[in-house]
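Contents: one structure, followed by commentary.
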Protein chains: 2
Amino acid sequence: MNTTIKDIAQLAGVAKSTVSRYLNGGNVSEKTKAKIRKVIEETNYEPNSFAQSLKAKKTNFIGVIAPTLDSYVTSTVLMAIDEELRKRDYTTLIISTSKHVDREIESLISLSRQKVDGIILIATGVTEKHIETINSIQIPVLIVAQEVVHCSCIINDDYHAGFKMGQYVSEKGHSAVAYLGVTESDIAVGQRRKQGIMDGLKEAGVSDLKTYISQFDLHDAARITQEMLESFTPTAIICATDTIAFGAMKTISKLGKTVPGDFSLAGFGGYNISEVIHPSLTTIRFNNEETGVMAAETIIKLTNGEDVPELQVSGFVFVEGESVKSVKS
Amino acid sequence: MNTTIKDIAQLAGVAKSTVSRYLNGGNVSEKTKAKIRKVIEETNYEPNSFAQSLKAKKTNFIGVIAPTLDSYVTSTVLMAIDEELRKRDYTTLIISTSKHVDREIESLISLSRQKVDGIILIATGVTEKHIETINSIQIPVLIVAQEVVHCSCIINDDYHAGFKMGQYVSEKGHSAVAYLGVTESDIAVGQRRKQGIMDGLKEAGVSDLKTYISQFDLHDAARITQEMLESFTPTAIICATDTIAFGAMKTISKLGKTVPGDFSLAGFGGYNISEVIHPSLTTIRFNNEETGVMAAETIIKLTNGEDVPELQVSGFVFVEGESVKSVKS
DNA sequence: TGAATTTATGGAACCGGTTCCCGTCGAGCG
DNA sequence: CGCTCGACGGGAACCGGTTCCATAAATTCA
């Protein structure tokens, strides 16, 4: 049997209310304090935080729904969120959906049942059903990585990141450029990032971009690269993520070709592994820690009923590696 | 204001207890059921699970304490744990300690206050203080990745994994072997794995192993490699983890040398990136999913008061890459 | 048709805390 | 010395559920 506040009160010969007052810093005489302290130490008593939140109408839980845990980006953002929330005395409740979109809906409902004070949804796509659920639960929801009207969102500056990359690649003299992208249902990566790349290329005079669609995982990227190279020979391949770039690299070296000798290659993400591999990958590093901290701060504001901007944008850094070479025109 | 069971009862014109019975499948007439169902749908009512667990003395929460989220091994194990626990209607409460050991203690206490039904501790080292805390909270704790007497543990078969690797490297003809290991306070990796490697090498006739100690991160590994190569020139370098191997690889290529041309290299972990880089890394792949599932199953048994073996061992697979070459003797 | 069951429902207590309200006691004051 | 006031501590209600118990209604059975 667990010790409760009642037990402590009995053992110390005082009322429950007095013990509660002692724990919460109310008016208790030194003598009583000493008695209670002694009993608590002896029994290893820990207050039941469920009972506390029941009365307090506040759980100090923030739920985070993530598509997966084993991705560099997600886990970095999660770490930062967790760190920041802990500092502010919140507990992070992480739920991974293993990329099942319907599980995102389930998780929203299940978190609302846990009475979390707020929910951070790291999204890969937001459907009508999402919006509906978000509106039906009466808990503030912050969306990270996707932009949704009338919802608080934090996104990467995908457009400008793409633009920068497009510009860079075309400045290096490439004109036969392939893009290994992802599904357009992912607005951020599938649409914004791509649009940025196209505009960046165009600005420097490259108007054609052959696009191929890959999953987010390395093996599918490798497969798509293989298919692509059978019908098209670009001088540069821009990949929607670093992981996809690694997949492409795998296929390229399997075919006995080299980067950047035969193909220039670039990605997005800035995984720390990218600088180790040879050649080091030219990529865009998004500031995931910043995103995480921003997310934590914002959701707390939301739970307190404070106003927050509907859209916040997290920055990026261009990382020049060795994987893109200059070609003579 | 949140809707409660009382509200539902009033709106439906029945007693709280009837609504509760309806929700939990008790005896309720069809007519009453219909009334209640209607009200619940209209109000989007979700029962407060805190209030439920308060009475039930069971939260269906399992806490998981992990040193970090942004490591391949940890996140894979976490995913598997989460997946398996969800299947069994438990909610996973993940806490990351950002490698602060004292935060592990804190987390144990804070989880006990949340009244989780059980705790999985993914450990990098277990001190006296840990044991003390584990004993003081009255919640079952399962330790993953370290072996502790009188505690339920799940570990990798580090000794035999090391043995296999030692054997392999010496069979390839290497005799000047360096080991980039980690602190001995990490029993599993720092001691067991190393002992296995030494015994594996010895069995094939190599009795000397120069050992260097690195942190778990890539940059420190790169630095230590640099230092090492200033005073010792091995033909093979065995690294305690794949990440350390990547660090070594970084230094090696910075020095203008190649793997496996100048140095053979091996790691432990089996990250999926290992097969992409060139040359692909010879490594040991531990079965992290298996560990995760086993952990979830075991902690549930523990919470139910069932007996579990004190020590369970999770398997591994040897992955032969291109990073270790044969040398003529 | 009346007695014995079974089924459906309401009322109340309980889980473990917090908090409001009120009574008591001792100290300070005139 | 009596009165007032503030500090202290106890009792009880409340948070939102579950569950036991009693009672009323419906059904079965003799």
Side-chain angles (χ1 to χ4, degrees), chain A residues 1-40 43-61 91 110-117 137-139, chain B residues 1-37 39-40 43-61 91 110 112-117 137-139:
Chain A
M1 193 54 182
N2 253 307
T3 58
T4 72
I5 200 171
K6 202 172 140 193
D7 302 331
I8 304 295
Q10 273 171 358
L11 288 171
V14 299
K16 288 199 325 179
S17 46
T18 309
V19 179
S20 173
R21 236 173 285 128
Y22 164 81
L23 290 168
N24 300 300
N27 271 338
V28 184
S29 69
E30 280 309 322
K31 217 171 58 187
T32 316
K33 272 189 191 165
K35 275 194 298 186
I36 298 178
R37 183 172 352 183
K38 187 153 163 285
V39 175
I40 288 187
T43 52
N44 280 319
Y45 166 72
E46 292 288 347
N48 182 329
S49 59
F50 282 163
Q52 291 179 317
S53 8
L54 184 55
K55 181 79 192 201
K57 298 270 196 180
K58 187 157 196 304
T59 58
N60 272 29
F61 273 36
T91 300
S110 115
L111 285 173
S112 86
R113 180 174 307 214
Q114 318 279 10
K115 302 296 175 206
V116 296
D117 295 338
I137 62 181
Q138 62 297 50
I139 298 174
Chain B
M1 194 56 182
N2 253 305
T3 59
T4 73
I5 200 171
K6 202 173 139 192
D7 303 332
I8 303 296
Q10 274 171 356
L11 288 172
V14 299
K16 289 201 318 179
S17 46
T18 307
V19 179
S20 172
R21 236 174 284 127
Y22 164 81
L23 290 168
N24 300 298
N27 272 336
V28 183
S29 71
E30 281 308 324
K31 216 171 58 187
T32 316
K33 272 188 193 166
K35 274 194 296 187
I36 299 178
R37 182 169 352 174
V39 175
I40 289 186
T43 52
N44 279 320
Y45 167 70
E46 293 287 345
N48 181 329
S49 61
F50 282 162
Q52 291 179 316
S53 358
L54 183 56
K55 182 78 192 206
K57 299 267 198 182
K58 188 158 196 297
T59 58
N60 272 30
F61 273 33
T91 299
S110 114
S112 87
R113 179 175 306 214
Q114 318 278 15
K115 302 296 176 208
V116 297
D117 294 339
I137 62 179
Q138 62 297 47
I139 297 175

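Chain A is the first sequence line, chain B the second, and so forth, proteins listed ahead of strands; every chain is numbered from 1.
Going from atom CZ of Arg113(A) over to atom P of dG17(D) covers 10 Å, rounded to whole Å. Rounding to whole angstrom units, CG of residue Asn27(B) and P of dT19(D) are separated by 14 Å. One interatomic measurement links the two molecules: CD of Gln10(A) to P of dG10(D), which rounds to 12 Å at whole-angstrom precision. One atom, NZ of Lys6(A), and another, P of dG9(D), lie 21 Å apart when rounded to the nearest Å. The distance from atom NZ of Lys57(B) to atom P of dC14(C) is 13 Å, rounded to the nearest whole Å. For the pair Ile36(B) CD1 and dA8(C) P, the computed distance is 12 Å after rounding to whole Å. Atom P of nucleotide dG16(D) and atom CG of Asn2(B) are separated by 8 Å, given to the nearest angstrom. The CD-P distance, from Gln114(B) to dG16(C), rounds to 17 Å in whole Å.
Here Ser110(A) contributes atom OG and Glu46(B) contributes atom CD; the two are 9.0 Å apart, rounded to the nearest 0.5 Å. Residue Thr43(B) holds its OG1 atom at 3.5 Å from CD1 of Ile8(B), rounded to the nearest 0.5 Å. Here the straight-line distance linking atom OG1 of Thr32(B) with atom CD of Glu30(B) works out to 9.0 Å at 0.5 Å rounding.
Applying the 4.0 Å criterion to OP1 and OP2 of dG17(D), one finds that Ser49(B) has every side-chain N and O outside that range. Remark: Thr4(A) is not in phosphate contact with dC15(C), judged by side-chain N or O atoms under 4.0 Å from OP1 or OP2.
Ser53(B) comes within 4.0 angstrom of no nucleic acid atom, judged by non-hydrogen atoms across all strands.
Mapping Lys33(B) and Leu54(B) onto DNA chain C by nearest heavy atom places Lys33(B) closer to the 5' end of the strand. Residue Lys31(B) is the one, among Lys31(B) and Lys115(B), whose nearest nucleotide of DNA chain C lies closer to the 5' end (criterion: closest heavy atom).
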- Task: Give the B/S/- string for nucleotides 18-23 of chain C, one per nucleotide from 5' to 3', where a protein heavy atom under 4.0 Å of the base yields B, of only the sugar-phosphate yields S, and otherwise -.
- Result: BB----
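Under the 30°/60° scheme for interplanar angles, the aromatic rings of Phe61(A) and Phe50(B) are found to stand perpendicular.
Considering Val39(B), Ile36(B), Ile5(B), Leu11(B) in turn, Ile5(B) is the only one that fulfils the side-chain contact (heavy atoms from CB on, under 4.5 Å) rule with Tyr45(B). With Ser49(A) as the partner, the side-chain hydrogen bond (donor to acceptor under 3.5 Å, both in side chains) test is satisfied by one option alone out of Lys115(B), Arg113(B), Gln114(B): Gln114(B).
Around NZ of Lys58(A), the count of heavy atoms belonging to other residues, nucleotides or ligands within 6.0 Å exceeds 12.
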